[in-house]
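Have a look at the structure below, then the notes.
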There are 2 protein chains.
Amino acid sequence: MNDTRQFHLLAGLATGHDARSDDAIYQALWEAIVEHRLSPGARLPEDALAGAFGVSRTMIRRVLQRLALEQLVTLRTHRGAQITSPTPAEARDVFRARRLLEGALLTEVVAHVTPEDLQALTRIADQERHAPRDQAIRLSARFHTHLMAMAGNASLSEALSQLISRTSLIIAVYGRGRAGCPCEHPALIPLLERRDLDALQTWMHQHLTGIEASLDFTASGDALPDFEHLFGHHREQNAS
Amino acid sequence: MNDTRQFHLLAGLATGHDARSDDAIYQALWEAIVEHRLSPGARLPEDALAGAFGVSRTMIRRVLQRLALEQLVTLRTHRGAQITSPTPAEARDVFRARRLLEGALLTEVVAHVTPEDLQALTRIADQERHAPRDQAIRLSARFHTHLMAMAGNASLSEALSQLISRTSLIIAVYGRGRAGCPCEHPALIPLLERRDLDALQTWMHQHLTGIEASLDFTASGDALPDFEHLFGHHREQNAS
DNA sequence: TGAAAAATGCTTGTATACAATCTCAGGGCC
DNA sequence: GGCCCTGAGATTGTATACAAGCATTTTTCA
């Protein structure tokens, strides 16, 4: 019994509902993941997706491979794809990386920001406030992505985009209650407007640290339970 | 006429010569690209590669897609794959990104470096000095990759690895004569040994800037010739 | 002779068939 | 009663067939 139905909400997002192109399928899946409509751990059977999108498994496999290289889905041989459940360690890495990268890039952002950019950011922040929760998460990602794209460095922007997407997964697993950017974004815009680099860097650091601090890593990450942490108290002594 | 022969040198690198796995093929192609045995602009016909590696096009396509996402090959629809020729703008971005990332990560590297790491780095630097030119390029990449892996942040290491690989492409296109890291790497090790962060950051900045300065961007990047620059002297006046 | 148009061959894009492997349920054995 | 083994079903891995598009050559006409 192909549960194609489960994925029909994905297919219906754009054109009609079938024969979508490579990129469109990627986009639809990406949005569904970032918006938490597909939760970490969810299985992604190729047949079901192929049916939902009206294409063959060939294309689905290509899209899944791409998502896997971006660490949004995990591919295990002969066991199929599922939405990645980041480990606490990975979560920590992502936040450290983002603090470092976004902090450093703000220097370039300040140097290149234009009035159009400010308008675009304001619009995104507004939409974010009035959007339902799931879309707000995606718009929050968009806010950061757009902000960092101003630095004018495609290589870094792309790497950062991946980190931002992964943050959404991390929030899905470890966020409790009203996690995610709790609408702090509008506060950044005036700082950017008067090009106050120090204030921007401080703000960004606190923003990211605040999100990370709001997470709850004691809840087992949905993946394999951390027996070491649950039962063992000899963490410091094994040096190998 | 399938010029499978052209690619047999790739296939012969590891096991026998056929029925190689996904990762092995990726590895072989990656090394060939980074070692400049496949030059930017070189075409990569799926049939020829499939024949050389003894697999079907299915696998080749997967590997090519992965290399494309890492920006090492360029995939154009219905026109196949070829080794990417980075543009001067991309080259600039990559070096800026590397300066930023590697400089910042040195802080973490200093905090985590172990004697084993120092040994490994020394060994790589030694091999690099005594290796023939093409392998030296790959070992140079390995040096930087290993160094940055010490920071203990997988997310950033991976992004950086891609930037390092792309640097090899940039050198292939714009490097003249004895470009690449001209064996400066051994000088870094004592600085690392005494954890002199300031000296390390200065060294790294100059190292990367030196490589970038040794490039010659006037030579047309092998891709589409820059007619604007060749024939037009009205560069400053067209503002659009 | 030169240039535009048509045809052929080669390469890639997509779907599908078949083989290999995993999962899970049912039954037998300890 | 619990555990292991076995087999059916389902899912993924790989290869191949066929369709579609591009490139080059050949042909034709001025």
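Below, read A as the first sequence line, B as the second, and so on, with proteins coming before strands; counting in each chain starts at 1. The figures here come from the full heavy-atom set of this structure, side chains too, leaving out hydrogens, waters and symmetry mates.
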Atom-pair distance ([atom1] on [X]; [atom2] on [N]), nearest Å:
X       : N      : atom1 : atom2 : value
A:Arg76 : C:dT23 : CZ    : P     : 8 Å
A:Gln82 : C:dC22 : CD    : P     : 16 Å
A:Asp47 : D:dT11 : CG    : C1'   : 7 Å
A:Leu75 : D:dT11 : CG    : P     : 16 Å
B:Arg79 : D:dA23 : CZ    : C1'   : 10 Å

Worksheet item: Less than 4.0 Å between a side-chain N and a carboxylate O, is that true for B:Asp23 and B:Arg66?
Response: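 Judged by the 4.0 Å cut-off on N to carboxylate O distance, B:Arg66 and B:Asp23 do form a salt bridge.
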Item to complete: Using the test ring pair (Phe, Tyr, Trp, His ring centres under 6.0 Å), find all partners of B:Phe143 that sit at least two apart in sequence or belong to another chain.
Response: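 For B:Phe143 the ring pair (Phe, Tyr, Trp, His ring centres under 6.0 Å) partners, ignoring immediate neighbours, are B:His185.
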Quick one: does [X]'s side chain have a donor or acceptor within less than 3.5 Å of a partner on [Y]'s backbone?
X        : Y       : answer
B:Ser39  : B:Ala42 : no
A:Arg43  : A:Arg79 : yes
B:Asn153 : A:Asp93 : yes

Scan nucleotides 15-19 of chain C against the protein and return all N/O pairs shorter than 3.5 Å with their distances rounded to 0.1 Å.
| from | atom 1 | to | atom 2 | distance (Å) |
| --- | --- | --- | --- | --- |
| C:dA15 | OP2 | A:Ser56 | N | 3.2 |
| C:dA15 | OP2 | A:Ser56 | OG | 2.8 |
| C:dA15 | N7 | A:Thr58 | OG1 | 2.7 |

Worksheet item: Which nucleotide sits closest to the side chain of B:His78: D:dT12, D:dA23, D:dA20?
Response: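 Selected nucleotide (nearest to the side chain): D:dA20.
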Practice prompt. When you get a sec, tell me which of C:dT23, D:dT14, D:dT12 is the closest nucleotide to the side chain of B:Arg62?
Written response: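 The closest nucleotide is D:dT14.
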Worksheet item: With sequence neighbours excluded, what pairs up with B:Asp22 under the side-chain contact (heavy atoms from CB on, under 4.5 Å) test?
Response: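 If we apply the side-chain contact (heavy atoms from CB on, under 4.5 Å) test to B:Asp22, skipping adjacent residues, the hits are B:Arg62, B:Val63.
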Fill in: First encountered from the 5' end of DNA chain C, between A:Thr77 and A:Asp22
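Result of the comparison: A:Asp22.
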